[in-house]
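See structure below.
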Amino acid sequence: MRKIDPARVERAARIYGSNQEASRALGIAPGSFSRLCRLYDIETPHARQRRRRSDCHRRHLLGQRAGAEFADSEFSGPFRLAASGWAGDR
């Protein structure tokens, strides 16, 4: 059995949008690609998609809650102006 360089696995995981495409590029089975990613601690394209979807969902939920709290504020976020300077200075 030939060994696959971790740099090649990482590059395929970064470039391709799915585990299937990345595994085809390396010439291995999708399960083997996922196993190598776990072995080398590399985020798979599938895990990247799930993380991004989760982050967007979380941001959306936080934005709805924060929107009600800062509805009267012209600026919201870490760089909004406060009476004593930047809000980030506190």
Side-chain angles (χ1 to χ4, degrees):
M1 178 171 95
R2 64 187 170 100
K3 196 137 178 146
I4 297 179
D5 185 31
R8 286 184 62 208
V9 176
E10 184 175 8
R11 179 175 161 77
R14 189 178 60 244
I15 290 175
Y16 294 99
S18 71
N19 288 3
Q20 188 168 9
E21 291 174 352
S23 63
R24 277 187 196 148
L26 293 173
I28 58 176
S32 299
F33 173 73
S34 297
R35 195 174 310 112
L36 285 171
C37 286
R38 282 193 305 272
L39 177 69
Y40 297 136
D41 197 29
I42 298 169
E43 186 178 44
T44 65
H46 184 296
R48 184 176 63 233
Q49 289 171 356
R50 280 196 350 240
R51 178 181 48 83
R52 286 181 179 168
R53 210 174 299 128
S54 173
D55 289 349
C56 287
H57 181 69
R58 191 175 303 117
R59 239 182 279 125
H60 176 72
L61 290 177
L62 289 175
Q64 284 180 341
R65 290 187 200 129
E69 187 179 336
F70 298 113
D72 59 337
S73 175
E74 183 180 343
F75 300 101
S76 63
F79 299 109
R80 66 181 182 279
L81 285 173
S84 64
W86 290 101
D89 293 342
R90 294 182 202 174

(message) If I compare all heavy atoms of His46 with all of Asn19, which pair ends up nearest, and what's the gap?
(response) N-OD1, 3.3 Å
(request) List the atom of Ala13, the atom of Pro45, and the distance in Å for their closest heavy-atom pair. (result) O-CG, 3.5 Å
(request) Taking atom types as modelled, find out whether Ser54 and Arg58 have a side-chain donor-acceptor pair closer than 3.5 angstrom. (result) yes
(message) Could you report the tightest heavy-atom contact between Arg48 and Gly17, atom names first, then the distance?
(response) NH2-CA, 4.1 Å
(message) Does any part of the side chain of Cys56, heavy atoms only, come nearer than 4.5 Å to the side chain of Arg53, both counted from C-beta?
(response) no
(request) Over all heavy atoms of both residues, which pair between Ile42 and Pro6 is shortest? Give the atoms and the distance, please. (result) CD1-O, 3.8 Å
(message) If I compare all heavy atoms of Ala22 with all of Ala12, which pair ends up nearest, and what's the gap?
(response) CB-O, 3.7 Å
(message) In this structure, would Leu36 and Tyr16 fall into the same cluster of hydrophobic residues linked by side-chain contacts under 4.5 Å?
(response) no
(message) Rounded to the nearest 0.5 Å, what separates atom CZ in Arg8 from atom NZ in Lys3?
(response) 13.5 Å
(message) Nearest 0.5 angstrom please: Ile15 CD1 to Glu10 CD, how far?
(response) 10.5 Å
(message) I'd like to know if Tyr40 and Phe33 are part of one continuous hydrophobic network [Ile/Leu/Val/Met/Phe/Trp/Tyr, side-chain heavy atoms within less than 4.5 Å].
(response) yes
(message) Quick check on the hydrophobic clustering: are Leu39 and Ile4 connected, directly or via other members, by side-chain heavy-atom contacts under 4.5 Å?
(response) yes
(request) Kindly check if the number of other-residue, nucleotide or ligand heavy atoms within 6.0 Å of CG (Asp5) is above 12? (result) yes
(request) Considering only NZ, NE, NH1 and NH2 on the basic side and carboxylate oxygens on the acidic side, decide whether Arg52 and Asp55 come within less than 4.0 Å. (result) no
(request) Starting at CZ of Arg35, measure out to OG of Ser23 and round the result to the nearest 0.5 Å. (result) 12.0 Å
